[in-house]
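Heads up, the thing below is written out as structure tokens.
Numbers restart at 1 for each chain; the letters A, B, ... are given by sequence-line order, proteins then strands. We use all heavy atoms of the structure for the numbers below, so side chains are in, but hydrogens, waters and symmetry mates are not.
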Protein chains: 2
Amino acid sequence: MSSSVDRTNNGQGNQRMTAKSAPPGLDIFLRKLLSHSPLTDDDQAAIMAMPHSVRHMEPNSYILREGDRSGVCPILCAGFAYRQKSTQEGGRQIVALKIPGDALDFQSMYVRTVDHNLQALTAVDLVIVALPDFEKMVATRPAIARAVIVDILIEASIGREWLLNLGRRNALSRLSHLLCELHYRLLDTRSEGLDARDVPMKQEQLADLLGLTPVHINRTIKKLESNGAVARHGRGIRLGDIESLRRLADFSDTYLHRNNRAG
Amino acid sequence: MSSSVDRTNNGQGNQRMTAKSAPPGLDIFLRKLLSHSPLTDDDQAAIMAMPHSVRHMEPNSYILREGDRSGVCPILCAGFAYRQKSTQEGGRQIVALKIPGDALDFQSMYVRTVDHNLQALTAVDLVIVALPDFEKMVATRPAIARAVIVDILIEASIGREWLLNLGRRNALSRLSHLLCELHYRLLDTRSEGLDARDVPMKQEQLADLLGLTPVHINRTIKKLESNGAVARHGRGIRLGDIESLRRLADFSDTYLHRNNRAG
DNA sequence: TTTCGCCATCAACATAGGTTATAGTAGGGT
DNA sequence: ACCCTACTATAACCTATGTTGATGGCGAAA
């Protein structure tokens, strides 16, 4: 159920290579940071030179568990992951969605215990940096420290928008909003957003994301499809018309703080 | 509609006093930071010595608006406030609740524009520190910098728990959960939690907090009351039995990271 | 003391979304 | 080429919460 080899587009799933051979994935992390924070060439080189190992994980495997004390900072370089919490009665809620380039756990640098579960959504490739190494870099390089904080703050801002989504939007708007967000977030590190590829979540996972049931997600997708906002390719959902989606979702990307730098 | 004088328990609502006369409110902020982060006497003194002004604001007044560029770090020393976002169709969602001792806007130190509205819930007394002054302190004193980040992370953790609340708990559990949270958060800076005082929110505001309607909040309060979990004093709601509430809410305080220090 | 306005209360009805259960279908593994 | 399993689809029915609108009472201000 964990750590086999390959099986992602970049076909790069090896183990424990502490080297910097080919592009091992840190580049997309760097691109992500640069999308919201400026870094000197020197800082950029420092990031690319971090000692790290590479790890491949299968869909649904746990990357971090509630209550853990993590000693490691995993970075998602291929595939998707999510943070998730559950109710005692078994209700499951996805509370954050992580895409390629995202760091998965800055929090453990500052706080002792992990307060949620972190799971692979698809097959994922992780770059794993030891926490002390990361802390050293942050302590040495203020611009990187700042970028880390900005990253944390943007995730928090996304969380606030999700609260608005869950609290005050109906199923159709919620789903549309999620698709818009995913599209624009993908554009921060790549040239295409959701256009070319299928939405990476199954209907059950969409339900857990949006506080709905799979049955109702199914109904809602069909409504979106009949609108032309979304297209189906077999089981997959693909972007139909982003402008329709934005309208349905009441979407504005300011909460993503794209290309932001502080005063 | 703003800045008149006094009208809060500490009766301390003046303007622009850059002095450190009587206890002006920074002490409760310090206590809040100490509740999750250790600080040397020296660091503590530095915080208490920050140049600041004091500001009183009436209920419902805006402390910060979406789109603003803030130059100031307001600290809530008496009263309650909340962050709020709205849908174009007029749906209003409270996305964070701030209590005495909380800093209201660390975010503006790192990111250009404010992505939500910050409003006074009750009459409030604010201590206002100029952002450059705060930045200077954070740049000089690593322990304070770390405390600020921990504070940001705890707010984010609370946001995740609220997502679980909105997405996967019914009205009764949601309300119970909120009351539990408020109780324990108040205990971080004071000796009594919610025991002695009324819940500071009106039913409409509870509705905006919990993604419900005022009518349904009313129904739910009555159910809680018949359980004995909550008591009424006139219009006010007061804690009845915290253990019942915890049970109804499926509450555990680990997400609040009380008394936490990182490795 | 009276007035006035804001809140809380309550009831009757409406609906978005939940539940359960039964097919159907794609696609990987053999 | 086949099977198996996991996902999707759909229908019928159910319920938590929303909506609207009428009533009543507390508390601030005059």
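- Straight-line distance from the NZ atom of B:Lys202 to the P atom of C:dC7: 5 Å, rounded to whole Å.
- Considering only residues two or more places apart in sequence or on other chains, B:Glu243 meets the side chain to side chain contact (heavy atoms under 4.5 Å, CB included) condition with B:Asp241, B:Arg246, B:Arg247.
- Of the inter-residue distances, the one linking B:Gln205 atom CD with B:Ile94 atom CD1 reads 6.0 Å to the nearest 0.5 angstrom.
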Starting at the 5' end of nucleotides 18-30 of chain C, put B wherever the base has a protein heavy atom under 4.0 Å, S where only the sugar-phosphate does, and a dash everywhere else.
-> BBB----BB----

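- With sequence neighbours left out, the salt bridge (charged side-chain N to carboxylate O under 4.0 Å, His left out) criterion links A:Glu181 to A:Arg185.
- Ion pairing between B:Glu155 and B:Arg160 fails under the 4.0 Å rule for side-chain N and carboxylate O.
- Atoms OG and CG, on A:Ser86 and A:Asn117 in that order, are 6.5 Å from each other to the nearest 0.5 Å.
- Computed from coordinates, the B:Gln203 CD to C:dA8 P distance equals 4 Å when rounded to whole Å.
- In this entry the distance linking CD of B:Gln205 with P of C:dC7 reads 8 Å, nearest Å.
- Listed by first then second residue, pairs satisfying salt bridge (charged side-chain N to carboxylate O under 4.0 Å, His left out) with a partner in residues 212-236 of chain A number zero, not counting sequence neighbours.
- Considering only residues two or more places apart in sequence or on other chains, A:Arg174 meets the salt bridge (charged side-chain N to carboxylate O under 4.0 Å, His left out) condition with none of them.
- Judged as a ring-ring contact (aromatic ring centres under 6.0 Å, His included), the pairs with a partner in residues 178-209 of chain A (not counting sequence neighbours) are, in order, A:Tyr184-A:Phe251.
- Sorted by residue number, the list of members of residues 222-229 of chain B with any non-hydrogen atom under 4.0 Å from DNA chain D is empty.
- C:dA16 atom P lies 18 Å from atom CZ of A:Arg169, rounded to whole Å.
- A:Asp198 pairs by the salt bridge (charged side-chain N to carboxylate O under 4.0 Å, His left out) definition with A:Arg238, not counting sequence neighbours.
- From the 5' end on, the contacts that DNA chain D makes with chain A at under 4.0 Å to a non-hydrogen atom open and close at D:dA6 to D:dA12.
- Taking the side chain to side chain contact (heavy atoms under 4.5 Å, CB included) definition, one finds that A:Ser176 meets it with A:Leu224, A:Leu245, A:Leu248, A:Ala249, sequence neighbours left out.
- Helix bend of the helix from C:dT1-D:dA30 to C:dT30-D:dA1: the angle between its two end axes, each built from five pairs, comes to 50° after rounding to 10°.
- Using a 4.0 Å cut-off between charged side-chain N and carboxylate O, B:Lys85 and A:Glu161 make a salt bridge.
- Atom CG of residue B:Leu97 and atom CG of residue B:Leu178 lie 6.5 Å apart, to the nearest 0.5 angstrom.
- For the salt bridge (charged side-chain N to carboxylate O under 4.0 Å, His left out) condition, the pairs that include at least one residue of residues 206-216 of chain A, sequence neighbours left out, are A:Arg92-A:Asp208, A:Asp208-B:Arg168.
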